[in-house]
Number of protein chains: 2
Amino acid sequence: MDVHSRDLRYFVAVAQELHFTRAAEALFVSQPALSKQIRMLERTLGAPLFERDRREVRLTAVGAALLPHARRVLEQWEQAVHAVAAARAALDGRLVVGMSTGPGRGGMLPAIRSRLTAEYPDAQLVLRQVDWADPSAGLVDGSSDVAFLWLPQPEARRLRWLVVAEEPRLVALPETHRLAGCEVVEFAELLDEPFLALPGSAGVLRDYWLAVDQRGGREPLVGAEISGVDETYEALVGGQGVCLLGAGNAPLLTRGGVVTRPVRGLSPSRFALAWRADDTRPLVHAFARAAQAAGCRPPAA
Amino acid sequence: MDVHSRDLRYFVAVAQELHFTRAAEALFVSQPALSKQIRMLERTLGAPLFERDRREVRLTAVGAALLPHARRVLEQWEQAVHAVAAARAALDGRLVVGMSTGPGRGGMLPAIRSRLTAEYPDAQLVLRQVDWADPSAGLVDGSSDVAFLWLPQPEARRLRWLVVAEEPRLVALPETHRLAGCEVVEFAELLDEPFLALPGSAGVLRDYWLAVDQRGGREPLVGAEISGVDETYEALVGGQGVCLLGAGNAPLLTRGGVVTRPVRGLSPSRFALAWRADDTRPLVHAFARAAQAAGCRPPAA
DNA sequence: CTTCCGTGATAACCATGGGCTATGGATGTG
DNA sequence: CACATCCATAGCCCATGGTTATCACGGAAG
């Protein structure tokens, strides 16, 4: 049985809004077009997905069963598109640089870029911000060729990396927080705080930023899941929780209303430049060499 | 960017056959239609997926990047369709019974069914054989309501179960195998054999049937991955490896050319009837009660 | 060299799908 | 009662995806 991904988008939009007219606006189509497509989808699936009352729209049991799957299919397809884009870029000698957070740190990227262009004058770098749901910043699914990411990595065996920076973990707090006044925070003070966590798909990296190994077996309290910098900022000022971050990322979050403080009792974090272990393309290795020349260091192991 | 799943099916078919005419036959469409759709897909992705020579068809780098993603998208959609089917069945008082292997064991299923119909005369059971890539036999993704499966389960916390049978693990061997003559096989004798393994997605269950905890840290040798009974039989007679199985499943594999032998040094396996922990539907619980009445036992824990 | 076969591409055609605007009917609200 | 809101329907139009017939090319055979 076939579908058009558009129909799934439509379905997800209506399921989110529970309102045809608003969903149609969000999708930039007319309301009748949306109604018709949803009906078509219901017909091919052989069951109604929504109960339309004059006054409200509700998901049926079948619709509720479909929703998470529809989201997953759309997400998978998005990844596929990214992978194709990366492969296409590689053909023209462009390298897709995935970033879970920007490398920053005083011109790390320009330093690498200038060294790389010395060797490959035609090389172009395509920068891509990757959702934190993918801890490998697109390396594993092929949507980037090299990536700036945080250690530890769930799929460590498939990757190689150089450590860009080893830096203490700070805690980010809303400035109204009871601990915002402290110069330094003890991690023990944070045990009962709700934390902002990476999505479950981040695996060990999620645990790392929740510092679960410093909690003596007690489950962390998760206030919200975050998959990007702006979400994190909003969640912080919204008081949904606090979160740890590498010192080098402090500038990303210290906008109005948020403060960052050193934390005592935590190991330092490691930020790395990584690529796929099985990637033999010269441009990738040239990038790694350029990074090493710019001061990145091979892992101790 | 949108796609029709049909286009992905077409792409995967051509990528497998590397031949437009044959792929078109397999897909039951005309060859021009297939050519046209592939061209359309290439146009929307902005890059050629195949290099067509007069004499042969090859995947381009972009095509190779797309292929695994396309497969995954199709697979996800298939799961979605199953989930919808299960939800639809539930509306009419039908219960989808997932089976990683058939329950067998002397009329276990009829015994449950007759007890269930005593309580719910209108209940109907829909049996569904589920690919071994999903160790939960469709419970986790919603495509079955109750399931016969093997313990241990990767997502154990999301499931509840009754133990249907606790039975020794046997080894299945091609009858030409050097150990086929033994009455009983020591597990130590099997350490250097290539094994047939469940797909990686089976998680701890894969490890369990490879008996990794009995190997003293040495990596098992995997001769092939199997995701169904027939594949397993073929792999056995093809000499790709040996495999462990629960005693109650021996009848499934002991066709010509394959023998099963008890193994000394392994804990017994546990076959269970499971359902989702958060499933509150009465019919599901009635099924579980019927199973218990038919002799299934709650787990010791 | 010519002929023929197998391959994928192209052309011409047709039914359907998916979009639009306009409108209808039901349900609350002033 | 008039009106606003909201989803469904009707009628229209063009792009899409399918068909059959045919072409263009390369290799194999006569």
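Only a predicted model underlies this, so the values are computations on that prediction, with no experimental measurement involved.
End-to-end axis angle for the helix from C:dC1-D:dG30 to C:dG30-D:dC1, using five pairs per end and rounding to 10°, comes out at 0°.
Look at B:Asp145 and B:Arg94 and you find no salt bridge, because none of the NZ, NE, NH1 or NH2 atoms lies under 4.0 Å from a carboxylate O. Under 4.0 Å is where a charged nitrogen must lie from a carboxylate oxygen, and between B:Arg113 and B:Glu119 no such pair does. A salt bridge does not link A:Asp278 to A:Arg158: none of the charged nitrogens lies less than 4.0 Å from a carboxylate oxygen. At a threshold of 4.0 Å, the pair A:Asp230-A:Arg255 counts as salt-bridged, since one of the basic side-chain nitrogens sits closer than that to a carboxylate oxygen. A salt bridge is absent between B:Glu155 and B:Arg160; no separation between the charged side-chain nitrogens and carboxylate oxygens falls under 4.0 Å.
DNA chain C lies under 4.0 Å from at least one heavy atom of each of the following residues of residues 22-41 of chain A: A:Val29, A:Ser30, A:Pro32, A:Ala33, A:Lys36, A:Gln37.
Look at A:Arg6 and you won't find any side-chain N or O under 4.0 angstrom from OP1 or OP2 of C:dG17. Checking the phosphate oxygens (OP1, OP2) of D:dT5, no side-chain nitrogen or oxygen of A:Thr21 falls inside 4.0 Å.
Summarising the geometry, the separation between CG on A:Leu49 and P on D:dA8 is reported as 12 Å, rounded to the nearest angstrom. Between the P atom of C:dG18 and the CD atom of A:Glu42 lies a distance of 15 Å, rounded to the nearest Å. Atom CZ in B:Phe20 sits about 10 Å away from atom C1' in C:dA9, given to the nearest Å. Atom-to-atom, CG of A:Asp2 to P of D:dG17 comes out at 11 Å; the value is rounded to the nearest Å. Atom NE2 of B:His4 and atom C1' of D:dA15 are 15 Å apart (whole Å). To the nearest angstrom, P of D:dC7 lies 14 Å from CD of A:Glu51. The distance between atom CZ of B:Arg52 and atom P of D:dA24, rounded to the nearest whole Å, is 19 Å.
Of the possible polar contacts, one joining the A:Trp77 side chain to the B:Met1 backbone as a donor-acceptor pair under 3.5 Å is found. Side chain of A:Tyr233 to main chain of A:Gly256: a donor-acceptor pair is present (N/O by atom type, distance under 3.5 Å, no hydrogens or angles).
Looking at heavy-atom distances under 4.0 Å, B:Phe50 makes no contact with the nucleic acid at all.
Of the candidates C:dA9, D:dC7, C:dT7, D:dC7 carries the atom nearest the A:His19 side chain, counting heavy atoms from C-beta on.
Of all non-hydrogen atoms in B:Phe20 and B:Val14, the two that sit nearest each other are CE1-CG1, 4.0 Å.
For the pair B:Arg58 and B:Phe50, the cation-pi test (distance below 6.0 Å, angle within 45°) is failed.
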